[in-house]
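All chains are named by letter (A, B, ...) in the order of the sequence lines, taking the proteins before the strands, and each is independently numbered beginning at 1. Just so you know, these numbers come straight off a predicted model, no measurement behind them.
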Amino acid sequence: MDDEYNEGLGKRKAIYVPYSQAVPLKYSIDPDNCLYLTKGRCGTCEKVCPSHAINYLDQKKEITLNVGSVVLSTGFKSFDPSKLDHLSFGQHPDIVTSMGFERVLSATGPQGGHLVLPSDKKHKKEPKKIAWLQCVGSRDENRCNNGYCSSVCCMYAVKQSVMAKDHSKEPLDCAIFYMDMRTQGKDFDRYYEKAKDNGVRFVRSRVHSVYPDHDKGNLVMGYVDELGAMVKENFDMVVLSTGLEISADSFELATTMGIELDRSNFIKTDSFKPVSTSMPGVYACGVFTGPKDIPQSVMEASAAASAATENLALARNSKTRAVTTPRERDVAGESPRIGVFVCNCGTNIGGIVDVPAVAEYARHLPGVVYVEENLFTCSQDTQDKLVEVIKEKGLNRIVIAACTPKTHEDLFRETLIDAGLNKYLVEMANIRNQDSWVHSNEPELATAKARDLVRMAVAKAFRLEPLFESQLPVTQSALVVGGGITGMTAALSLSRQGYPVTLVEQNQTLGGNGRLLYKTSKNEEVSLFVRKLISEVEADEHVHILLGSSVHGVEGFVGNFKTTVATGDDSRIVEHGVALLATGARESRPAEYCYGEHDAVMTLLDLDARFAKGSKVVDRAENVVFIQCVGSRDQEHPYCSKVCCTHSIKSAIAFKRKNPETGVYLLYRDIRTYGQREFLYKEARDLGILFFQYDLDNKPVVTPEGDHVTVAFTDHVLGLRLAVDADILCLAARIEPNDNTRLGQAFKVTSDNDGWFLEAHQKLRPVDFATDGLFLCGMAHYPKPVDESISQARAAAARALTVLSRDSINVGGIVANINPERCAGCGGCVEVCSYNAITMDPAKHVAVVNDALCKGCGACAATCPSEAPSLMGFNNDQLYAQIKSAMTV
Amino acid sequence: MNCKFVPSVCSYCGTGCGVLFEVIDGKINSTLPLKSHPVNQGKLCIKGWNLHEYINSFMRLKAPLVKEEGRFQKATWDEAINHAARNFNRIKEEHGPDSIGVLVSAKVTNEENYLAQKLARAALKTNNVDHCARL
Amino acid sequence: MKEEVFEPKIVAFMCNWCTYGAADLAGVSRMQYPSNTRIIRVMCSASVSPHHILRAFQSKADGVLVGG
Amino acid sequence: MDITRQVEQLLKQGRVDIFLGYRELYGHLIPHGYTMDNLEDLENLKVSQHRYSLEKVATHLAEKKPDLKIGIIARDCNQRALNILYTWNQLNPDNIETLNVNCCPSKTRKHGDCSYLEPKETGWFKKENGIDYNAEPDAFMEEFDNSERFSHWMYEFSKCIKCYGCRNVCPVCFCPECSLENPDLIEPGALPPEVPIFHLVRATHMAGRCVDCGLCEDACPAEIPLRFLYRQMNQIVGDVFGYNPGEGIEKSPFTIIGDKVTLEPKPMDA
Amino acid sequence: MERNDLTPTDPKGSVMVVGGGVAGMQSALDIANSGFYVYLVEKSPAIGGKMAQLDKTFPTNDCAM
Amino acid sequence: MTIKRITFVQEMLKFMGLEGRLHLEWISSAEAQKFASVVTDFTEKIRRLGPSPMAAIQHQEMGRRNHGYHKAG
Amino acid sequence: MTNSIAEFETDSKVIFVIGSNTTACHPLIANRIIKAKENGARLIVADPRNIQLTKFADLAVHQRLGTDVALLNGMMHVIIRNDWHAAEYVEKRCEEFEALKKTVASYDPERVEAITGIAARDIEQMAELYATNAPGALLYAMGITQHTTGVDNVKSCCNLAMLCGNLGVPGGGVNPLRGQNNVQGACDMGGLPNVFTGYQPVADPEVREKFASAWNCGELSDTPGMTITDMISAIDEGKIKGLYVIGENPKLSDPDKNHLDHVLKKLDFLVVEDIFLTESAQVADVVFASAALGERQGTFTNTERRCMLTQKAVEPVGNALPDWQIISRFATALGHGMSYDSPEEVFNEMASLTKSYQGMTYDRIGIDGLQWPCLAKDHPGTPYLHKETFTRGKGMFHAIEFKEPAEAACAEYPMMMTTGRMFAHFHTGTMTRVSNSLDTEQKTGYVDINPADAEKLNIASGDMVLLTSRRGEIEAPAQITDSVPPNNVFLPIHFGENPTNTLTSSTAFDPIAKIPEFKVGAVKIEKLIA
């Protein structure tokens, strides 16, 4: 049957693993398609399974769980474009969805990562022209009911086009047909610009149809270009950038639970409670609350974790179990007694490699005292037996010749613990993934290689030494730097989980930018919220507020920081286990469009202040012009400030609502009202706000004209130069980071080229710094609206909780260690360490590794000419032995 | 702190390479080849480069030893020399001068070899003098 | 006389997080490639020092592959 | 002022505690440490073509007494080596006083005054099997193909008697334990030592560190063209990373992260 | 500030997470790592969700796996 | 750091007459296909280059003990 | 050495190295050989093992252990047959040529091939290389001397050199490489049973008289004394009761260790003078602690007869004393007063009694040293000997027949063993094994075994093996190497835990020089199961 994972582009069987890297990597039966379950025939799988794992009688069971909170994260379903006739999806194999195209590109996909036309896989014909069609099933209330923007499609289309060019051997023409290019995320605009430089065509247009040209065998795309002309263009392949929507299952789940949804079936949330549903105790994250990308989903997930456990803080550790382990046997001084366990992995290995021969070979290797062959070395009964054999034979080093350590090393380490051995005394020989599976056509060579791999593993095992982890107590309190909405939210999240927080704010008041904002995109009043938040923080006995203060120096590491905080002339040392940096950002002062020269020219925050206080100019304005991207997305600041489109439109609507007669003009480059914010954009258009697109090389021109200013710009559709006399010219000024240089130096964390703090991983660790125990949130990370800042604050709190909730942290294991006898104190390793884990001991003139900071990369070991540092578990002694052993016959 | 360089000749093998001892505060800190020496012209082998290591070895004998009841005891030079001389004189008296042998050394200086054979011939009155050149 | 094909011996240093994973995945995907390479897992390609490479050549490796 | 008086002044003014120079003994020039206690020795102070690594002696002294003020007669190579030793925290520049003797040929001064500049003639057997004393790296690369280069190097290395002189004499070798003596890396006890790894391990250590003083080649009993080898190693580092050791006190590119590396892996061409 | 409206007097030390995609997994991990028992409920035979289908992720071009 | 070191060693090996026998490739953990083709291509390349000249050097080092016994003390 | 080290590089046109692993044992002489080779000299190496120097040789041959006389005779056979010999030189400066010619006539290359295992063709080529390039230097070391036929071997070397007119010319000569730093000096100084300094015979009454009066000691014994080999037997027989050992470690350096251990116990009184508590010192009754090199002044005479000064750099460790002081005090205690203020005073006394040294003073020696004979205060020393004439007048050829070594392989002891040094250690290891850098290089003894034998015996590198000879057995880790030929093993002599001399024979020695046959023995090898 068609394989869901490969979007129907490949096939799978009725008993299957969803995909090769699936966790758990276990087969399951598709009951709808299994011949045995549907027709009572076949049953082959039961017969061939050597471990008797097939149970046809398995039935659906209902389980009742008593839990403190629920987190809903059921995600999305891709929009199904087959409903849209004009796109001919399903009528030609070369019209694929974006998900389908991911599978085409993927090395694990149906085409093994080769970019060939699905219509002509046999001849491996490669496409020469590919088109991406944006907003399929998004921003569309006519053909479907998805009025929102799906937020992610622009960026993934850009990525796919770049990847496709990369995959293609021939020059490949890539064109993206779009309305607004919404690359508002961190570093996304850079990627977009790079794609343009790489020759990806971006066509601002409206596509009315895609259909196969049966004569030429390719596809025709009909569209209206920017100047309003009808164009037809041929492509070999068309990718439909399908939007995200809520699945029927999720809808049913939410409605059954009685959770309130918005008009697009996303869970309704409040900007100030971005992960709470309408039902107490039920939280949500990910696309279920609105379309969003991976980092945002990950942030929300952590945020939901923090929210979901906040009320359960008292029950922390009540349901978790402590692990008991037997005493570790001291093997120091014993000569190696190696046990080798060679796995057949059913027939995965044994079917190719002559396992008995390998086992026999292993018997004669130096140090080997015991050899065993297993059908499945990873099975539970083998683990039990392993423990027994280790004890009985007095083994002190174990070699497992089986699959890959990446998936199974931990399992065997656990087994060693159970057998009373140090868990680092096991070495694996990868004779499946890197041998039997890849040399199945050459069984003899595979067997020879297996021998070599076992010999190498034995050579290493011979030299394995127990490694130790030590426990360092955790100072169970946090330091939060920055007293804006983000910092306060984070501080409260932590204090409500029972951990003291020191909140450091540079100004004399809390609140930050929140004090300057008027309303959110959902029309909630920010100042009310901020005031309430401040009073809650001030009332919280666990939160210690230090106003007018700044961080001067930081020592220590995760769980054990000592930070010097200066308040005026005083300074104090704060001990804390984690630190959250929420130093925010600020609206820049524009250097153009007469800002600061003419009273009619103001920024969005200036305007917010006038709205909040009331202003005659605002009330009486006849013509209002907004200019977007002021100081953003240009050569010097090639990033999008993310919030301004929504903010401007929000303000524009406010003018129109106040007085429908007001002429409101919005000059933009791309309107980036991502997600449900798109409804605001639609509302603005409906209200008669006029939108004009401009380019960087054709920017509006502003000239003072008495008490107003004249704004001149070009209407592309009409091809006319227009001018508006504006009473108010509102500039969407770039959001810029606060100067974090000193703070960054103190915490030894880095910022990116634009000055934003650099997270550990842009997708998967969006609130962690590379240094353990340090987290970032809010606009110090990147410009973002209030709801996202709150999410991220909560997320950072959740991440911090994973440290704070522990009494101690384990350090050591696979870390570097510097032999002082060999160290010349030259400092080379200090310079080469990316994690600042090495310092010089000035008294002894030698370098020292801090286990808590070391990430075990071994760069120091490779740098030192006298090999003073070694990476424990991968030391040179072991590596040289492996190298030599690889080459011995 | 003082530092001087003292010329010497390597005591390993018969080549006779010229070396310099780097002496810091009365201790030989390292060995260098004497650059302008006619034999080795500023080069050495591994043994020569590490000549100082045995001189500085903690295992060096630091005092004469006299065996009493099968165990060595540290002694003064007078004790050790007189004890040895007494016994040699006794043997000489009992068994004649040729009942004593002297093995001189291919590792000590000419002066010392000269004195050692002189000791054998003039003091002990025997020609039983040999050394291990043949071994 | 039959001419024998030369079967080189290759040592490969593979980063645990990158290339070693790719090698595993190649196995999962049952891709076939020549069996001449012996992989040594390292925690980061930055930990492969010239010493390791030279040692491999000294031990008569015909080629050395580093995967980061 | 002649050098003897300069040294006398340095000592008398207390600017240095000890001055490392040379003295003449039985017609040989040997290094000597002049102090206030042996001022009379100063009459034997001499400077000539003979070169010893006085800066290495200085590291020995500093190791025993870190705040000792040391004066050194510094030829150009000594000065470069001192820079390297400062860079790698082996000597504190504040404690070193140099009296400079310019000797290396340069753009402004064609003729240098150094033993390694004396022309050397290469015998036919060495020329045929090994490396010409006067070889230049580029010409060597051009003249010989891959396998010839290999066999010529192997000839040179196979003469090695494993004296470790190249390392021992090297002013910028300061590791307390040397990986050349790591039995796991290089098999001990063999003669010649395992070739080429023995020499190449050292060559990698010299890359970005060698100051081209040529003392190693002077000290090599087997006349292996070590200076030629290390010069090429430095050439690579210079070409690829723009770093010339000893010129200043920047660290070698191999230990610096963070600077943008624009290198790309080389394509696998056939 | 989001304040939970429910303050149980006898809170349970466990949480159910519905959905085993990238968000569900992250949430489950964070909850578990801060001292609570987690039930991760997923409909399909493997966790991973949509992200597992992606080839590379922008802007770093890291593999989605 | 890797790229710096490997580039250097490649140049060094070139000088030594072992050119082309060291290769560096960035392969992410998803790029199984790339891995397989890099290994295949590299094996082919080395096959064309022929055996390492090191293999012909015998005598001196083949004899040394291979530390088969544990280092005492 | 008849000639000087530097001449190899500057003058020799051919260098013939036999029985010397020069790069390991005399590295700074080996470098001259290689440089000579690089500059165009020809190089011949004859050694049973595949030593480092063979790589640079024009011709390297591997003779069966103990067959040097046959090899040398074979070469002379070819030379004479082809008239390559220096006929005029032989005529003018030598005697007994006919006897030599007659003897070597039967050593045709085919016969020599059968004895030595060297191809006849190679022998012809060796002869040609050596004879047709002049001057030619012949270098040898213990590989020639430590045989039952040691003297024969040396004489054969001399025969060859004289035959080709290579004695008395720069760049030529017969050049034994002395194993220890002052072997030459010890001999020069009269450290031999039959001679005083400068090889003045004890049997000569005039000489005795000269020394007796200089020493003011009454009459001196006229009977030549015993060699070390004889002394051991004499101890065994109860003839020697007291032994004074200076700076030697006979327990490791002398053959048949088990026997020696047994013999030494018979001594009434043993005095050992050393810088370490050596294996021998441990069994002494009194141990004198000596000052080491650098702790006292004195002279050494190297293998090229160059007498050089070594200066005192530091004070002796602890209460150790310079040997010259110990000996003086000991002699005084024994009844013969000695009082010297300095080594220089001793030197001057010696020089006044020794012709070859009489032109030397400390000042003249300086750093560069002087090569004896140095007959007067203005004599520049002698870089090479026998310039005009031989010491005895004419050089005498000795007609020598080949004799098999004492032991041959047999069913019980099927392997042939040879012993020697490795580059990082010296003699019995007393000095080098306490040196960290040298110890790092080689920590234990070992036995080199050819891969073919290893395969037969199923031995891998690092395996412990048991070696047994007729005298005893030792254990050592195996090293598999083709530096030894099949059926041969090599053992270094430096390691007390693996005392090689347990296996060697004390009864097989040269009848004249009394030098034991360390270089040939029969052993069996078994792999030890760990």
Side-chain angles (χ1 to χ4, degrees), chain C, chain F residues 1-69 71:
Chain C
M1 223 168 70
K2 194 177 80 182
E3 196 153 317
E4 285 217 4
V5 186
F6 161 56
E7 285 302 336
K9 294 187 123 194
I10 296 167
V11 174
F13 297 97
M14 299 283 157
C15 164
N16 185 49
W17 311 108
C18 309
T19 316
Y20 194 88
D24 276 349
L25 187 57
V28 173
S29 317
R30 307 297 199 276
M31 292 168 183
Q32 299 289 306
Y33 54 82
S35 67
N36 306 56
T37 300
R38 300 291 174 267
I39 293 179
I40 292 173
R41 184 166 72 119
V42 293
M43 292 313 268
C44 172
S45 61
S47 73
V48 179
S49 84
H51 294 183
H52 299 130
I53 296 164
L54 292 172
R55 187 59 248 173
F57 281 116
Q58 192 68 38
S59 300
K60 303 189 197 304
D62 297 303
V64 174
L65 187 58
V66 179
Chain F
M1 200 47 63
T2 310
I3 179 87
K4 288 186 190 175
R5 286 202 193 105
I6 303 295
T7 306
F8 169 75
V9 178
Q10 281 170 334
E11 289 295 320
M12 171 164 98
L13 292 173
K14 185 172 169 185
F15 195 56
M16 282 299 126
L18 289 169
E19 190 176 0
R21 294 182 184 275
L22 171 63
H23 183 70
L24 169 68
E25 194 76 46
W26 303 131
I27 306 174
S28 89
S29 66
E31 296 176 300
Q33 186 55 56
K34 184 173 180 188
F35 172 83
S37 58
V38 165
V39 168
T40 309
D41 294 350
F42 190 63
T43 309
E44 275 314 307
K45 181 186 179 184
I46 300 296
R47 220 191 281 277
R48 279 195 301 276
L49 280 176
S52 161
M54 295 296 303
I57 298 184
Q58 290 194 347
H59 175 188
Q60 71 275 9
E61 67 269 65
M62 73 173 292
R64 307 309 303 181
R65 47 174 202 280
N66 65 5
H67 294 274
Y69 48 97
K71 265 185 283 173

*F/Trp26, CH2 atom: more than 12 neighbouring heavy atoms under 6.0 Å*: yes
_Using 0.5 Å steps for rounding, measure from the CG atom of F/Leu24 to the CZ atom of C/Phe13._
12.5 Å
*For chain C, find its close neighbours in residues 7-18 of chain F: heavy-atom separation under 4.5 Å, sorted by number, or none.*
F/Val9, F/Met12, F/Leu13
*Got a sec, which residues hit side-chain hydrogen bond (donor to acceptor under 3.5 Å, both in side chains) with C/Arg38, two or more places apart in sequence or on another chain?*
A/Asp452
*Side-chain contact, heavy-atom cut-off 4.5 Å: C/Leu25 with F/Ser29?*
no
*Against chain C, work out which of F/Val39, F/Ile46, F/Thr40, F/Ile6 has the most heavy-atom pairs shorter than 4.5 Å and name it.*
F/Ile46
*How many angstroms lie between atom CZ of F/Arg21 and atom CD1 of C/Ile53, to the nearest 0.5 angstrom?*
15.0 Å
_Heavy-atom proximity to chain F below 4.5 Å, by part of C/Thr37_ = side chain
_Taking every non-hydrogen pair under 4.5 Å, which of F/Gly50, F/Gly20, F/Pro51 racks up the most with chain C?_
F/Pro51
*asked:* Shorter than 4.5 Å, heavy atoms on both sides: which option in C/Asp62, C/Val11, C/Val48 has the most such pairs with chain F?
replied: C/Asp62
*asked:* With a 4.5 angstrom heavy-atom cut-off, is it the side chain or the backbone of F/Glu44 that approaches chain C, or both, or neither?
replied: neither
_Closest heavy-atom pair and its distance - C/Ala22, F/Ser28_ = CB-O, 3.3 Å
*Please list, chain by chain and in numerical order, all residues satisfying side-chain hydrogen bond (donor to acceptor under 3.5 Å, both in side chains) with C/Asp24, sequence neighbours excluded.*
A/Thr404, A/Asn430, A/Gln434
*asked:* To the closest 0.5 Å, what do you measure between OH (C/Tyr33) and OG1 (F/Thr43)?
replied: 9.5 Å
*Given a strict heavy-atom distance threshold of 4.5 Å, which part of C/Leu65 is in contact with chain F: side chain, backbone, both, or neither?*
both
*Closest non-hydrogen atom pair between C/Ala46 and F/Arg5, with its separation*: O-NH1, 2.6 Å
_Residues C/Met14, F/Phe35; criterion side chain to side chain contact (heavy atoms under 4.5 Å, CB included); working and verdict_ = CA-CA 11 Å; C/Met14 299 283 157; F/Phe35 172 83; 4.0 Å; yes
*Per-residue contact mode, C/Ala61 against chain F (heavy atom under 4.5 angstrom)*: backbone
*Spacing of F/Glu25 atom CD and C/Ser45 atom OG [to the nearest 0.5 Å]*: 12.0 Å
_What I'd like to find out is whether the side chain of F/Ser52 reaches to under 4.5 Å of the side chain of C/Lys60, using heavy atoms alone._
no
_By side-chain hydrogen bond (donor to acceptor under 3.5 Å, both in side chains) - contacts of C/Glu7 (at least two apart)_ = C/Asn36, F/Arg47
